[in-house]
Amino acid sequence: MDPGLLAQFVANGLMLGMMYALVAVGFTLFFGVLDIIKFSHGDVLTVGTFAGFAVYLGLQAIGATNPWLQVVAVLLVATGAMAILGALIAKYIVMPLKSAPPLNILLVTLMLGTVLRECVRLFFPDGANPKRFPSLLPHDAVALGSFNLRLDSVLLFLGGLAVVVAIHVLINRTKLGLAIRAVAQDEETAKTMGINFTLIVLVTFALGSAAAAFAGVMNGLYYNEINFGMGLLLGVIGFSAAIVGGLGNIYGAILGGFLFAALQTIGAVALPFASAYKDVFAFAVVIAIMAWRPTGLIAEKTSARV
Amino acid sequence: MSAPGLETAAARVPLWPGALAAGLVTVLAIAFMWAENEWEVVGVLTAAVVGAVVARRAGWLEPATRAFTQRESVMNRFAIAGLFVFVAFFHDDHFPLLMVGTVLVYLLVCLGLTIQFGYAGMVNFAAAAFLGVGCYTAAVLSAHTAIPHLLVLAIGGAVAALIGSILILPVIRTRGHYSAVVTIAFVLLFKTFLEVNDTLGGPQGLKLPSMQVLGWKFNQNFSIAGIEFSFYVSYVLVALALVVIGFAITRRLERSWVGLSLDAVRLDETASACFGIHIVSWKIVAFTLGNFMAGVAGALYALMLGFIAPTNFTFGDSLIMVSIVLLGGIGNPWGAALAAAIVVVLPEKLQLIQEYRFLLYATLVILVLLFRPEGLLPRRLRVYLPGWRPR
C-alpha cells in the first residue's frame, strides 16, 4: 500500500482513538465512583458540541471573529456548561437511583439521552439537519510525500492528549483525585474518613462530562460537521471501549478507545473485504475479546463476597 | 387426593372483577383506537390513567388481580375474548389491526426476553437483532424456496437460536455491564452488516410475498357471511395463536422446576451452584429459548409487513423491547402484554403531536422508572396451591 495513504489512515485512527478515549474515560470515572453506567454520556457530548456551536454563532454575530478567541470561548463554554449539566444529571437523576437495579439506571439514563437528543433536534434552530461546524484552527499543511500533515489535526490531537494527561494527573496526584479514588474503592470508608461523598460524585460527573464535551468539539473541528445523532454512536463506542479496557480503570479506557479506533482502521484498510465492513469487524472483535477476557483487558480488582 | 378445602377456596374467588377489568381494558383500547383527533386521544388517555389511579386507591384492583392469579385459565380466555371483540370491532380497518399485530409480535419477543432476564437474569440488548434474523430468514426462504410458511416461522426461530449460540460463550462468561456490551455490540454489528450486505438487499431491504397457509392467501381481504374483513385479520389470528403458545410456555416454565432453577440462578449463582443447579446449562436454555421466540416473532413480522429494511432492527428497537419488559414489571408476562400495547401504540397515536412524541415517550419512561421502579404490574410470588396466599 502507498505509505502516504497508510499514514493518512494512521493519523485518522489516532484522532478517532483520542475521541473514543475521552468518552470512555467519562464512563469509567462514573463507574468508579457510583458503580453505574450513565448512558446519556454520548448525548451530553452532543449537547456540549451544540453549545459550543452556539457560542461560535454568537461571537460571529457580535463581530468577534478572531479564530483563537473563538476556539478558546467555544471550548470553555462547551466544557463548562457540560460540567454543570453532568453534575445536575448526577444530582437529580442518578443519585436518587443509586440503589436501584443496574438495568433500571441503564434504561433511565438511556431515556435521558433520548430526551437530550430530541431537545437538540427540536429546540436548536433547524436542529434536525446537520450543521457545518467551522474549522477555527489554522489548517496549514506540511506535505510529507503523498501525506498531508495538517496543523489543525496535530493541534487537536495534542489538545486531547493534554486533557487525558490532565485527568491522569488530577486523579493520581491531587487531593481531589485521592478523594475520588477513595470513593471508588469504598464508599462507606471514604465517608467515615470525612470525604464529602455527594460533592465528590458531582465533581466526578462534571469532570467526565466536560471531557465528553471536549471530545465533541474536537469531533466538530475535525470533521467540520455536527448533527443531533452524533453522540449516540460515539457514546456506544465509548462505552464498549471502557468495557473492553476494564471498567473503573482510566488506562483501560484509553487503551480501549485506541484499540477500537485501531480495529476500525484495520477493518477499513488491511482486511480483504470492503471497507464498509469496518464496524462489523470492530464489533466482532469486541465480542471476541469479551469472550476471552470477561472483565476487560485490564481486569477490575475485586473479590467476590459470598 | 387433592385437598378439597383448597379447591373450593379457588372456586370461591369471584370471577366478575377480573372479567370487568378485561372488559374495561377492551373498551378503553377500542376507544383509544377509535379516537381521531388529539383531544380525543388525550381524553381517553387521561380517563385511563385517572381510572387506574382511582381504582388503585379505592382497592378495586385487588379483587381483579386475585381473579387473574387464582382463576388464571378462565381469565386467559377472557383476555383472548377481549382481543376478539377488538378485532371484530375494527374488522375492516387496516391500521388498528396492523397495530394489534405489531403489539402481538413485540409481545412474543418480550416473552422471550422475560425468560432471558426475568427468570435467568441475562441481559439481552440484541432482541431487535434476533427479531431481524427471523425477518431476514423468512424473507430469503419465502422468496427462494417453496417451504410452507408455517414451517418458515419455525425455521426463523431456529436460525435465530442458532445465530444466538455464537453469543453464548461471551454472554455466559461475562456478567452485568460486560454482558450488556456483548449484546449491544452484536445488535450494532448486525445492523451495519445488513446495511452493507448487497445480497440481503442492503439499506433498501427486501420484499416478501404474501403469507399462504394451505392455499389461503393472507394478503387478500376476505368476507364471511357478507361482512368484509381486512387481510390483517388473518395475520392477527396467526400472531395471536403464536402469542398464546408463547404465553403458555412462559407461564408453564415459570411454574415448573425449570422456572425455580432459573430464579435461583438469577438470584444467587454461587448458592444455586452449591445446590447442584448447573448454571451454564440453564443459562444456555433460557438464552436459546428466548432467541427462538424472537426469531419466530420476526418471521411472522416480516410476512405481515411484506417489506423489511435494516432500519427496523436498530439498537433503539432493542431498547424499546427492553423498556417494555421493565415497564411491565420484570418477569410478569401480563405486565409485558400491557406495556407492549402502551409502548407500541402510544407513539403511533401521538403522531398528531408528531415532532414531540419521542421526547414525551422518553420522559414518560423516566418518570415511571423514577416513581414506580418495579414496573406497572410487578411480578408476584408463585402460587402453587390454588387459594394459597402469601402471609
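Only this structure's heavy atoms are used, side chains among them; waters, hydrogens and symmetry mates stay out. Every chain is numbered from 1 and lettered A, B, ... according to where its sequence line falls, protein lines coming before strand lines.
Of all the listed residues (A/R117, A/M290, A/R293), the one sharing the greatest number of non-hydrogen pairs under 4.5 Å with chain B is A/M290. Put simply, of B/V322, B/V182, B/T183, the one with the most heavy-atom pairs under 4.5 Å next to chain A is B/V182. Per-residue counts of heavy-atom pairs under 4.5 Å with chain A were compared for B/V365, B/I330, B/L169, B/I166; the largest is that of B/V365. Ranked by non-hydrogen atom pairs under 4.5 Å with chain B, the options A/D279, A/V115, A/L106 are led by A/V115. The most heavy-atom pairs under 4.5 Å with chain B, out of A/T114, A/V236, A/L116, come from A/V236. Between chain A and the options B/S323, B/A185, B/S179, the largest number of non-hydrogen pairs under 4.5 Å is found for B/A185. Interface check for chain A: of the options B/N197, B/V196, B/L319, the most heavy-atom pairs under 4.5 Å are formed by B/V196.
By the 4.5 Å heavy-atom criterion applied to side chains, A/V244 and A/F260 are not counted as neighbours. Annotation: side chain of A/I237 is in contact with side chain of A/Q264 (closest heavy-atom distance under 4.5 Å). A/I287 has its side chain within reach of B/L167: a pair of non-hydrogen atoms, C-beta onward, lies under 4.5 Å apart. No side-chain heavy atom of A/T109 sits less than 4.5 Å from a side-chain heavy atom of A/I89.
Just one residue in the list B/I115, B/I324, B/T250 forms a side-chain contact (heavy atoms from CB on, under 4.5 Å) with B/C110, and that residue is B/I324. Between B/V280 and the choices B/I168, B/I172, B/V285, B/V265, the side-chain contact (heavy atoms from CB on, under 4.5 Å) rule is met once, by B/I172.
Residue A/Y92: no heavy atom, backbone or side chain, is found under 4.5 Å from chain B. Contact annotation for B/V181: both backbone and side-chain heavy atoms come within less than 4.5 Å of a heavy atom of chain A. With a 4.5 Å cut-off on non-hydrogen atoms, A/A100 does not touch chain B at all. In this structure, chain B has a heavy atom under 4.5 Å from the side chain of A/L122, while its backbone stays farther away. Only the side chain of A/L110 comes within contact range of chain B, judged by heavy atoms closer than 4.5 Å. In this structure, chain B has no heavy atom under 4.5 Å from any part of A/I289. Heavy-atom distances place the side chain of A/L97, and not its backbone, under 4.5 Å from chain B. Residue contact with chain A, scored on non-hydrogen atoms closer than 4.5 Å, involves the backbone and the side chain of B/L359 alike. With a 4.5 Å cut-off on non-hydrogen atoms, A/V280 touches chain B through its backbone and its side chain both.
Aromatic pair B/F190/B/F315: ring centres not closer than 6.0 Å. Here A/F30 and A/F205 bring their ring centres to under 6.0 angstrom of each other. Taking the six-membered ring for Trp and the full ring otherwise, the centers of A/F123 and A/F50 sit at least 6.0 Å from each other.
The main-chain N or O of B/P203 is never found under 3.5 Å from a side-chain atom of B/E195 such that the two would form a donor-acceptor pair.
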